[in-house]
2 protein chains.
Amino acid sequence: MPHSNTHHEVLIVVFQVRHFPATAQSPRSGPELAVLLWQRALDPEAGSWSLPGGRLHDDEDLTTSARRQLAEKVDVREVAHLEQLSVFSEPHRVPGARTIASTYLGLVPITSDPQLPDDTSWHPVSHLPEMSFDHGIMVENARARLAAKLSYTNIAYGLAPSEFAMSTLREIYCAALGYQVDATNLQRVLSRRNVLVPTGTTAPPGRTGGRPPALYRFTDSRLRVTDEFAALRPPA
Amino acid sequence: MPHSNTHHEVLIVVFQVRHFPATAQSPRSGPELAVLLWQRALDPEAGSWSLPGGRLHDDEDLTTSARRQLAEKVDVREVAHLEQLSVFSEPHRVPGARTIASTYLGLVPITSDPQLPDDTSWHPVSHLPEMSFDHGIMVENARARLAAKLSYTNIAYGLAPSEFAMSTLREIYCAALGYQVDATNLQRVLSRRNVLVPTGTTAPPGRTGGRPPALYRFTDSRLRVTDEFAALRPPA
DNA sequence: ACAAAAGTGTTCGTGCTACACCCATGG
DNA sequence: CCATGGGTGTAGCACGAACACTTTTGT
């Protein structure tokens with residue numbers, strides 16, 4: 001009897017780079033990578049924080065389901081990138097009926113600030129609250145995937161505004177990678193790979209003066225691998 | 001009514017580098033990457049070739065299920081590496097009850113030659129037969145993943161014998177990548193990354209003479225990322 | 001001695017980092 | 001005219017590709 005009553009859910013790790021008020025632990029060093037979570041009102045694990053998501057419907061595939069579930073939390077148009085991550089299938093990963101979870105990575109540009117339901121909020125990934133079930137591992141997996149892809153794809157388009165100064169993009173990379181990135185080299189690497197193009201326009205300088213920054217735009221707004229071969233390239 | 005009668009299956013793309021007899025299309029240029037397939041005797045799509053796999057049981061996770069399903073086709077001990085690929089969830093991807101497929105990548109070392117059931121055989125990925133349902137896409141996805149990981153991980157341990165000469169490893173890389181790889185540079189790249197270590201022993205030379213090759217071994221027999229950052233490395 | 005296979009050394013190019021220096025704006 | 005932030009130029013390095021040359025075996 002291979003099958004009785006197994007459910008399938010989609011869980012989405014939605015990331016955005018956001019500014020958080022300075023605290024004792026995070027002494028004000030720019031914006032941070034944040035994940036969208038909602039707090040469980042009911043048992044099991046009432047009070048703990050969960051990833052957005054829910055049951056897969058009969059007439060939808062996983063990606064469609066992920067978009068539908070997100071629509072209940074944030075305006076779907078704000079999600080600039082969505083991709084499949086791994087599946088969690090341990091038979092007793094959650095109490096009750098067996099539920100297989102397919103996880104997704106979702107990215108929201110730094111410029112949008114969607115309305116959220118009362119039980120939902122953004123949390124810096126560096127200080128996650130108590131997480132439900134295996135959701136903490138899922139966030140960590142997603143963060144690792146994002147960091148890896150930042151170095152060999154154009155995935156940052158999902159976190160960046162449509163037009164931006166290099167200093168803004170630098171902040172996004174620093175927040176997502178967790179270490180300092182040099183804006184000069186960032187510009188050169190991404191330009192060489194044709195990930196970035198200058199718009200030809202500039203933004204007004206800040207209050208305190210300074211040269212007005214040139215604005216850039218991502219060449220594509222779909223995922224593209226920009227450095228396929230770390231080694232063992234095919235012969236020319 | 002989100003749920004009625006959805007099934008979940010595991011499908012495994014098992015690769016091995018194998019020698020095939022020379023044909024008109026493949027004029028004898030060394031071993032090729034091959035995939036394990038079985039031929040459907042019954043409708044739907046009788047006669048077409050399918051990936052090994054089947055229903056997920058209630059008390060097993062996906063990886064356990066994949067190993068169990070493979071045990072019916074090949075001796076499980078022969079599978080040196082197994083990792084999750086993506087999920088195929090289109091509601092009508094197969095006729096009948098809805099079935100979600102989780103795909104896996106499996107690797108078998110070049111030295112093993114497992115007994116196969118009558119309906120099952122190895123096929124060069126360069127000349128796939130008519131494939132069932134969406135299984136052709138799954139093979140192509142798996143091939144792309146393997147090729148990518150060969151360049152930044154030690155995944156080749158799954159295709160190589162426990163000890164081997166560099167010329168053998170070169171053949172494996174050539175077959176899996178589909179282009180010529182230089183044995184000299186392969187040795188240097190993998191040594192620098194501490195993927196390979198010399199055993200200190202040599203193998204006897206071939207019939208026609210030649211210097212006896214030094215033997216090597218993979219440092220780890222579990223997947224390890226060996227070149228994490230294509231660019232944007234963290235500062236020293 | 002010669003062919004065949006393996007291993008070593010050297011050169012070259014390229015892509016990334018780091019850092020110094022130059023430019024444009026507000027006060 | 002100076003502080004501030006942005007952009008450019010350049011030197012150095014690390015890695016990998018290509019290829020010539022040397023070593024070790026069998027016939």
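Per chain, numbering begins at 1; letters A, B, ... match sequence-line order.
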With the side chain of [X] defined as its heavy atoms from C-beta on, choose the nearest nucleotide among [options].
| X | options | value |
| --- | --- | --- |
| A/R192 | C/dA18, D/dG16, C/dG15 | C/dG15 |
| B/N185 | C/dG7, D/dA18, D/dG16 | D/dA18 |
| A/T208 | D/dA17, C/dT25, D/dG5 | D/dG5 |
| A/T184 | C/dA24, D/dT8, D/dT4 | D/dT8 |

Do the charged groups of B/R77 and B/D75 touch, with an N to O distance under 4.0 Å?
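Counted as a salt bridge, because a side-chain N and a carboxylate O are separated by less than 4.0 Å.
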Nearest whole angstrom, please: distance from the [atom2] of [N] to the [atom1] of [X].
| X | N | atom1 | atom2 | value |
| --- | --- | --- | --- | --- |
| A/Q187 | C/dA18 | CD | C1' | 16 Å |
| A/L215 | D/dG6 | CG | P | 11 Å |
| B/M166 | D/dT23 | CE | P | 21 Å |
| B/R170 | C/dG7 | CZ | C1' | 14 Å |
| B/Q180 | D/dC19 | CD | C1' | 16 Å |
| A/Y179 | C/dA18 | OH | P | 11 Å |
| A/L186 | C/dA18 | CG | C1' | 15 Å |
| B/F229 | D/dA14 | CZ | P | 18 Å |

Pick the closest DNA chain C nucleotide for A/P205 and for B/P213 by heavy atoms, then say which residue is nearer the 5' end.
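The answer here is B/P213.
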Any base atoms under 4.0 Å from [X], or only sugar-phosphate, or nothing? Heavy atoms, all strands.
| X | result |
| --- | --- |
| A/A165 | nothing |
| A/R193 | sugar-phosphate |
| A/P204 | nothing |

So B/Y179 and A/F229, would you call those rings parallel, tilted or perpendicular, with 30° and 60° as cut-offs?
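Perpendicular, since the angle between the ring planes exceeds 60°.
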Does the side chain of [X] get closer than 4.0 angstrom to OP1 or OP2 of [N] through an N or O atom?
| X | N | answer |
| --- | --- | --- |
| A/R188 | C/dG15 | no |
| A/S167 | D/dG6 | yes |
| B/R211 | C/dT8 | no |

Distance check, rounded to the nearest 0.5 Å: A/S102 atom OG versus A/L85 atom CG?
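If I round to the nearest 0.5 Å, the distance is 10.0 Å.
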Does the side chain of A/Y157 come under 3.5 Å of the side chain of A/T219 through a donor N or O and an acceptor N or O?
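Side chains of A/Y157 and A/T219: no pair found under 3.5 Å.
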Polar side chain donor-acceptor pair, A/Q69 to A/S65, under 3.5 angstrom
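Yes, side-chain donor-acceptor contact under 3.5 Å.
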